[in-house]
Amino acid sequence: MAKKKRLRLIAEMARKIRAYRELKSRPRESQKYALDYETMRRPLTGKMLPVLAWQDVRRESRLFSLLAGMRLFGVGRMFTRKSWLEDHPEPSYWQITKIKVDYTAENMDHGRAWGTLTYKGKQESEVKEVEKVMYHDWRLIPKDMEQQFRDFQPLPEPPVRYAAYPPLLRAMLLAQRGKAGGSAVTEEPALPLKRDVVLNKDYFRRQEQERQRKEGTAV
């Protein structure tokens, strides 16, 4: 008969208390991402922001700096980033669906946000947490421009015509090219997925001659 596992109630309670204390001792969002704008350092870690980010820190806003001054903390509104506007011609934005504010922050300008992401004109179906809310490059999309962002139709992706060779075969091809050329080869070998065949009369004539050669002539 199997021995019953003894419940250690005190040990289990102690484990839950340790987990709760660990959770309470973790720094909040307002402590983790607080910034001294004079020295450009985070007081909690003492790390300095990259020099290239200083200009955006002084001119642009964090996501929760925008949300804190809006009705319902901006739920339902659309936000984009300066880097997306500069790097991609297709619209990229977040539509906020849920907010969890850090109420210990002085201006309630820290917390976590969830929403649906549309990146390069392609919308994702699932709701997930917004990334990099602490970056100083968030911008609110005006309401009169929201429909313009939604109406964008992405171009269809071109079909894949080539695939990469297996590693061993790729190494053999590169070694063969190096021996033939005598210098370093920079062009990556690619395997065509479709063979272009010209179906004319000569093609069918050659196919028939090849078939007769293999089968032999009837006696």
Side-chain angles (χ1 to χ4, degrees), residues 8-143 145-146 149 152:
R8 303 179 62 189
L9 299 179
I10 297 179
E12 182 66 18
M13 185 180 296
R15 186 190 65 80
K16 291 182 179 180
I17 292 174
R18 286 195 300 269
Y20 177 75
R21 287 179 176 175
E22 183 181 354
L23 180 64
K24 295 293 287 185
S25 63
R26 286 192 303 179
R28 293 182 173 272
E29 301 291 321
S30 56
Q31 298 172 335
K32 191 187 301 183
Y33 300 118
L35 180 64
D36 185 351
Y37 288 91
E38 293 183 0
T39 61
M40 290 295 172
R41 292 181 181 273
R42 300 202 182 274
L44 183 65
T45 59
K47 292 183 178 180
M48 180 182 291
L49 294 184
V51 178
L52 294 177
W54 289 8
Q55 184 176 0
D56 285 341
V57 168
R58 294 190 175 97
R59 294 184 179 181
E60 304 293 334
S61 301
R62 293 180 292 105
L63 177 60
F64 270 85
S65 298
L66 301 173
L67 294 173
M70 300 181 64
R71 181 174 175 269
L72 298 177
F73 281 96
V75 173
R77 296 299 302 273
M78 295 162 52
F79 295 84
T80 186
R81 297 178 57 188
K82 174 189 173 185
S83 55
W84 289 346
L85 295 174
E86 293 178 348
D87 297 342
H88 312 306
E90 305 89 355
S92 300
Y93 58 89
W94 282 93
Q95 185 165 12
I96 304 299
T97 59
K98 178 184 173 183
I99 294 292
K100 185 178 180 181
V101 182
D102 183 0
Y103 290 101
T104 62
E106 183 177 358
N107 299 317
M108 292 193 296
D109 57 351
H110 289 273
R112 301 168 65 186
W114 288 263
T116 54
L117 173 64
T118 300
Y119 188 68
K120 293 185 178 180
K122 298 177 182 177
Q123 183 178 3
E124 299 182 4
S125 56
E126 62 175 317
V127 176
K128 60 182 182 180
E129 186 173 357
V130 181
E131 300 175 346
K132 302 177 181 178
V133 297
M134 78 295 297
Y135 280 32
H136 290 73
D137 68 340
W138 288 91
R139 295 183 179 180
L140 171 67
I141 299 176
K143 278 198 170 183
M145 295 183 62
E146 288 183 355
F149 275 71
F152 178 82

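This is a predicted model, so every value here is computed, not measured.
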Contact check, side chains of R15 and R18, non-hydrogen atoms, under 4.5 Å = yes

Atom OH of Y37 with >12 non-hydrogen neighbours under 6.0 angstrom | yes

To the nearest 0.5 Å, what is the distance between CD (Q55) and CD (E60)?
-> 9.0 Å

Hey, mind stepping through H136 and L35 against side-chain contact (heavy atoms from CB on, under 4.5 Å) and telling me if it holds?
-> CA-CA 11 Å; H136 290 73; L35 180 64; 4.1 Å; yes

Closest non-hydrogen atom pair, I96 against G74 = CB-O, 3.8 Å

Can you tell me if CD on E22 sees more than 12 non-hydrogen neighbours from other groups inside 6.0 Å?
-> no

Only one of D137, D87, D56 passes salt bridge (charged side-chain N to carboxylate O under 4.0 Å, His left out) with R81, and that residue is D137

Is there side-chain contact between R62 and H110, with heavy atoms separated by less than 4.5 Å?
-> yes

Looking at H88 and Y119, what are the two nearest heavy atoms and their distance?
-> NE2-OH, 3.0 Å

M108 atom CE: more than 12 heavy-atom contacts under 6.0 Å | no

Minimum heavy-atom distance F152-E90, with the two atoms named = CZ-CG, 3.7 Å

Atom pair CE (M134) and CG (L63), whose distance is rounded to the nearest 0.5 Å | 10.0 Å

Verdict with supporting geometry, R139 and L85, side-chain contact (heavy atoms from CB on, under 4.5 Å) | CA-CA 10 Å; R139 295 183 179 180; L85 295 174; 4.0 Å; yes

Test log, rule side-chain contact (heavy atoms from CB on, under 4.5 Å), inputs K128 and W94 = CA-CA 10 Å; K128 60 182 182 180; W94 282 93; 3.8 Å; yes

Any chance NZ of K32 has more than 12 other-residue heavy atoms, nucleotides or ligands included, within less than 6.0 Å?
-> yes

Which atoms form the tightest heavy-atom contact between A68 and N107, and what is the distance?
-> CB-O, 3.9 Å

Between the side chain of S92 and the main-chain N/O of K120, is any donor-acceptor distance below 3.5 Å?
-> yes

Dump the intermediate steps for salt bridge (Lys or Arg N to Asp or Glu O under 4.0 Å) on D36 and R41, then the final yes or no.
-> CA-CA 5 Å; D36 185 351; R41 292 181 181 273; over 6 Å; no

Go through the steps to decide whether R77 and E146 satisfy the test side-chain contact (heavy atoms from CB on, under 4.5 Å), and finish with yes or no.
-> CA-CA 9 Å; R77 296 299 302 273; E146 288 183 355; 3.1 Å; yes

The reported gap from CD in Q123 to OH in Y93 (rounded to nearest 0.5 angstrom) is 5.5 Å

Separation between CG of L140 and CE of M78, rounded to the nearest 0.5 Å = 9.5 Å

Do the side chains of M48 and W54 get nearer than 4.5 Å, heavy atoms only?
-> yes

Is a side-chain N or O of W138 found less than 3.5 angstrom from the main chain of K132, in a donor-acceptor match?
-> yes

Do R59 and K82 come within less than 4.5 Å of each other through their side chains, counting heavy atoms only?
-> no

Minimum heavy-atom separation for P43 to A34, with atom names?
-> CD-O, 3.2 Å

